[in-house]
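Take a look at the structure set out below.
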2 protein chains.
Amino acid sequence: MSTDGPYLAEIAHLMGDPARANMLHALMDGRALTAKELAWLAGVAPQTASGHLAKLMDGGLLAVAVQGRHRYYRLAGPEVAQALEGLMVLAGAQTSRRRLPSRVGAELSQARTCYDHFAGRLGIGIHDALVAGGHLRVAEGGYGLTSSGEAVFMALGVDPVPTKSRRAALRPCLDWSERRPHLAGHLAAALACRCFEMAWVTRRKDSRAVTLTDAGRAALADALPGFRCDAEPAAEMPELRQAVFA
Amino acid sequence: MSTDGPYLAEIAHLMGDPARANMLHALMDGRALTAKELAWLAGVAPQTASGHLAKLMDGGLLAVAVQGRHRYYRLAGPEVAQALEGLMVLAGAQTSRRRLPSRVGAELSQARTCYDHFAGRLGIGIHDALVAGGHLRVAEGGYGLTSSGEAVFMALGVDPVPTKSRRAALRPCLDWSERRPHLAGHLAAALACRCFEMAWVTRRKDSRAVTLTDAGRAALADALPGFRCDAEPAAEMPELRQAVFA
DNA sequence: TCGATGCTACGGCCCGCGCCGTAGCATTGC
DNA sequence: GCAATGCTACGGCGCGGGCCGTAGCATCGA
């Protein structure tokens, strides 16, 4: 209806405050954080953060799980992560257009989590290898697996059981650092989960960046011929912590 | 990195003002509008609109074409439209969660333009028929056409010439009213263009909604077996004009 | 040349809202 | 029970920014 013009503004307004944007950005790895942690990450006092979190809840962007005296906030769903990614594509373009064209944080563009799946060159690598191998087909709500694709997932230890849900098991998600699609959807999430379980991929502290271990590289290359995940020269710039407040 | 946290906030802030959101929303059909038209649509004075447009330009969300004493503003690119769509998915969910679950404006959810291609049940219908017919394959940056798919496009009068660009000819785009993907990309845009040329689809005044003519229905069904575009009962609610200001 | 039109620049008003201080409620641990 | 901790509710401060009026520049038409 165009009744959504104003609603659009409401949602964008929620994301448009620096403190709230920092919170949402911090939650994009799919984990749940406490109000205090989010306050610290956003660079505001807990009282202020509480107000922001209430607004985000009211707007349907966050979900909360209460455990004892802690309240764990997380993104309300994949659509929220996808909308944020869409904005980050623009924010990234903005960056490269008028700021430093320089490396976007070599670690993050190499490999990171995007809500519940992998992004960066790691995510692209998995996506491209599955495409090149003919393991994906176009399905109703996104991608599906061909029979060879099912074999790949089985070999990786992920059971590609079809779900009853209308939502597809796999779907493309535009990568804001590489500007090309990687894979999202619950099968991509299951694969990421498996990779963490097997220590094929490990998380880093205080960053959405992750590391592909040698074992992981071998396992992926083994089950998925053609898989590549190029590491860039990667000049270290360990100013991750402060950057959150910039 | 994470330098994009704040940038994310900047972009979202730009979209978060009601007047600017109305402008962006009005531009989502891909057309270029003058500053005065946008001021009127946004419900603000021309001076105010001028300031907003300058901000949107500065943020890289709009592009402008100067013709005589008119300045025609349009979205800067498909990424902007996609980011807006991502937000509208959330805004739509919001609507259905706490407002009327009711019909989202039957005309718009039936068929509309989304930047430069078709959305709504018309867009979904084209997408699903191509999927069901096995006319799409998963390509590097999105979808590609199988040989049978190329024949379908040729039959419709659209030359599916491959481009040198890295960006795929077709890619999925999540439909905010149906919450399922339709087709975007330059081939989808070319198809939409062709449909307007042949009067298979006609625009409506003052709305992004479009109408599939009988000739269009026949042409699509002929070239694309399995194509369906269900019309809903469609209770008329012609309050489109005012709704922009709501 | 002169008026009309489209658009932008500047200035002042004012409201919204982000901020934190204090205070209050729930939960945990001693 | 009592102190400590996590979180939220409320109130007042302060500023950013959205709004329009006036004014100025470019373009078009007669």
Side-chain angles (χ1 to χ4, degrees), chain A residues 5-27 31-74 244-246, chain B residues 5-27 31-74 244-246:
Chain A
Y7 295 158
L8 170 63
E10 282 179 26
I11 298 291
H13 182 77
L14 280 175
M15 299 176 172
D17 175 80
R20 289 194 291 261
N22 277 337
M23 292 176 174
L24 292 168
H25 186 256
L27 291 170
R31 282 184 291 194
L33 300 177
T34 66
K36 194 180 190 179
E37 289 170 320
L38 287 169
W40 186 81
L41 286 167
V44 295
Q47 309 91 307
T48 305
S50 178
H52 285 310
L53 291 169
K55 287 190 176 75
L56 290 170
M57 286 289 297
D58 190 57
L61 299 184
L62 296 186
V64 69
V66 181
Q67 277 183 24
R69 57 182 165 185
H70 295 277
R71 294 171 75 88
Y72 286 91
Y73 289 93
R74 63 177 195 279
V244 177
F245 306 102
Chain B
Y7 294 159
L8 170 64
E10 282 180 26
I11 299 291
H13 182 78
L14 279 175
M15 299 176 171
D17 175 81
R20 287 193 294 262
N22 277 339
M23 291 176 175
L24 292 168
H25 187 255
L27 291 170
R31 282 184 292 193
L33 299 177
T34 66
K36 193 178 191 181
E37 289 170 320
L38 288 168
W40 186 81
L41 286 167
V44 294
Q47 308 92 307
T48 305
S50 177
H52 285 311
L53 291 169
K55 287 191 174 75
L56 291 170
M57 286 289 298
D58 190 58
L61 299 184
L62 295 186
V64 70
V66 181
Q67 277 184 23
R69 57 182 164 182
H70 295 277
R71 295 170 75 88
Y72 287 91
Y73 289 93
R74 63 177 195 278
V244 177
F245 305 103

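For the pair A:T48 and C:dC20, the criterion of a side-chain N or O lying under 4.0 Å from OP1 or OP2 is met. Phosphate proximity of D:dG16 to B:H13: absent, as no side-chain N or O sits under 4.0 Å from OP1 or OP2. Between D:dG18 and B:K55, a contact under 4.0 Å exists linking OP1 or OP2 to a side-chain N or O.
If you take CG of A:D17 and C1' of D:dG16, they are 12 Å apart, rounded to a whole angstrom. Rounding to whole angstrom units, CE of residue A:M23 and C1' of C:dG18 are separated by 12 Å. The separation between A:D58 atom CG and C:dC17 atom P is 13 Å, rounded to whole Å. Atom-to-atom, CD of A:Q67 to P of C:dT27 comes out at 14 Å; the value is rounded to the nearest Å. The interatomic distance linking A:N22 (CG) with C:dC19 (C1') rounds to 15 Å, in whole Å. In this structure, A:M15 places its CE atom 19 Å from C1' of C:dG18, rounding to the nearest Å.
Residue B:A39 comes nearest to B:A49 through the heavy atom pair CB-CB, 3.4 Å, listed as atom of the first residue, atom of the second, then distance. Across all their heavy atoms, A:A35 and A:Y73 have their closest contact at CB-CE1, 4.0 Å. When all heavy atoms are compared, the tightest approach of B:A26 to B:L41 is CB-CD1, 3.7 Å.
A side chain to side chain contact (heavy atoms under 4.5 Å, CB included) with B:L62 holds for exactly one of B:L38, B:L56, B:L14; it is B:L56.
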Footprint string (nucleotides 5-12 of chain C, 5' to 3'): B base within contact, S backbone only, - free, heavy atoms under 4.0 Å:
BSSBB---

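At distances below 3.5 Å, not a single donor-acceptor pair connects side-chain atoms of A:R20 with backbone N or O atoms of A:H52.
Inter-residue side-chain proximity for B:L61 and B:M15 is flagged as met; some heavy-atom pair is nearer than 4.5 Å.
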